[in-house]
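What follows is one structure encoded as structure tokens, with my remarks underneath.
All chains are named by letter (A, B, ...) in the order of the sequence lines, taking the proteins before the strands, and each is independently numbered beginning at 1.
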2 protein chains.
Amino acid sequence: MKRDSRLSSVLHALLHMHEADGPMTSETLAKCLGTNPVVVRRTMGLLRKTGIVTSDRGPAGGWRIAADLRTVTLRQLHAALGEPAFFAIGNRNETPECLVEQAVNAALDDTFIKAEALLLERFSQITLADLAADFSRRYAERRRQGA
Amino acid sequence: MKRDSRLSSVLHALLHMHEADGPMTSETLAKCLGTNPVVVRRTMGLLRKTGIVTSDRGPAGGWRIAADLRTVTLRQLHAALGEPAFFAIGNRNETPECLVEQAVNAALDDTFIKAEALLLERFSQITLADLAADFSRRYAERRRQGA
DNA sequence: TCTAATCGTAACTACATAAGTTACATGAAA
DNA sequence: TTTCATGTAACTTATGTAGTTACGATTAGA
Ligand code: FES
Ligand code: FES
């Protein structure tokens, strides 16, 4: 399957919205992301449902952040997107009769469950404010070097 | 996306082959796995290329394990399958110009690289012999309980 | 040698899901 | 009323495993 890049997309969009003065339109965001305005609306619409962003129609409308960057974690964003599966690999049969397959599933599940816990743990600890701060660091760094 | 269950499949097949006396045919394995003989050949063929199994044609032919179970790790099997991607989630753009997207990618990459390291680490430590032993434990347990 | 069993492989379909696109309705501002 | 912008349905595209059909190649054994 094709990889799900929606988390990456919304993070990118949210940080640009944070840097921007007023609301940003789907059109503008789509150009930033190199995609289509409808894709932006579809994806950002999921964040609207959980109150992370708001949207306004009509002239001077667009998308705005509606939450404190320090309180929004990557885990919350992942949840807002519907908790898409992290892994592209899985068991052939989740509830096997066969003891052989049960042994196989147990070994794989043990590993993947631990990896998922690690991912969720780290996602819980990273906020949008952290990413914004990292961007600022990179920006300052570029100005220092770029003359 | 449909999940890749080939690692699960080959583990299941290999353990059944370990329990069996002679070679097992694609037909038999397919019935075990609840799939098609061609799928078995296609997948097991990848293991043959790295010498983990051998196949023989003709009557009394089929698949046999060609390695010491104690030396074959899940990591080697994953490699033999072509190192399919672990994650169903990824960056929108792997080499962005934009500093915002670089900050986003850095955060996600950091997390996913650590999770992948964990997976590979654990996969390196689990051998087919471990799974066979776990199966034996489960088998003994069932006999003890099942009357 | 003939037959049947098996693998090897090509080619096609089925499936799942995000992404991309087109089209149009809805609503708000000036 | 016009224009800008979102909301959303519907359809297409892309990607890769899984499933299926078909047939060729090889080998054991009668
Ligand atoms: S794309 Fe990050 S520049 Fe808007
Ligand atoms: S399926 Fe495990 S029983 Fe063969």
Check whether any side-chain N or O of [X] sits under 4.0 Å from OP1 or OP2 of [N], and answer yes or no.
| X | N | answer |
| --- | --- | --- |
| B:Ser55 | C:dG8 | yes |
| A:Arg92 | D:dT17 | no |
| A:Arg6 | C:dG20 | no |
| B:Arg3 | C:dA16 | no |

Between A:Asp68 and A:Arg70, is there a donor-acceptor pair closer than 3.5 Å when you use the side chain of the first and the backbone of the second?
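Flag set: sc A:Asp68 to bb A:Arg70 pair under 3.5 Å.
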Under 4.0 Å, counting only non-hydrogen atoms across every strand here, what does A:Gly45 touch: a base, just sugar-phosphate, or nothing?
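No contact.
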On DNA chain C, check which nucleotide each of A:Gly34 and B:Glu27 is closest to and give me the residue with the more 5' one.
B:Glu27
Please report whether the ring centroid of B:Phe86 lies less than 6.0 Å from that of B:His78.
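B:His78 vs B:Phe86: aromatic centres under 6.0 Å.
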Should B:Glu141 and B:Arg138 count as an ion pair when the cut-off is N to O under 4.0 Å?
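Salt bridge between B:Glu141 and B:Arg138, a charged N being under 4.0 Å from a carboxylate O: no.
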Reading nucleotides 20-30 of chain D from 5' to 3' and marking B where a protein heavy atom lies under 4.0 Å of the base, S where only the sugar-phosphate is that close, and - otherwise, the string is BBB-BBSBB--
Could you go through B:Arg41 and B:Trp63, starting from their C-alpha distance and side-chain angles, then the distance that decides it, and tell me whether this counts as side chain to side chain contact (heavy atoms under 4.5 Å, CB included)?
CA-CA 9 Å; B:Arg41 287 185 210 125; B:Trp63 299 88; 4.1 Å; yes
Would you mind reading off the bend of the helix from C:dT1-D:dA30 to C:dA30-D:dT1 from its two end axes, five pairs each, to 10 degrees?
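End-to-end axis angle: 10°.
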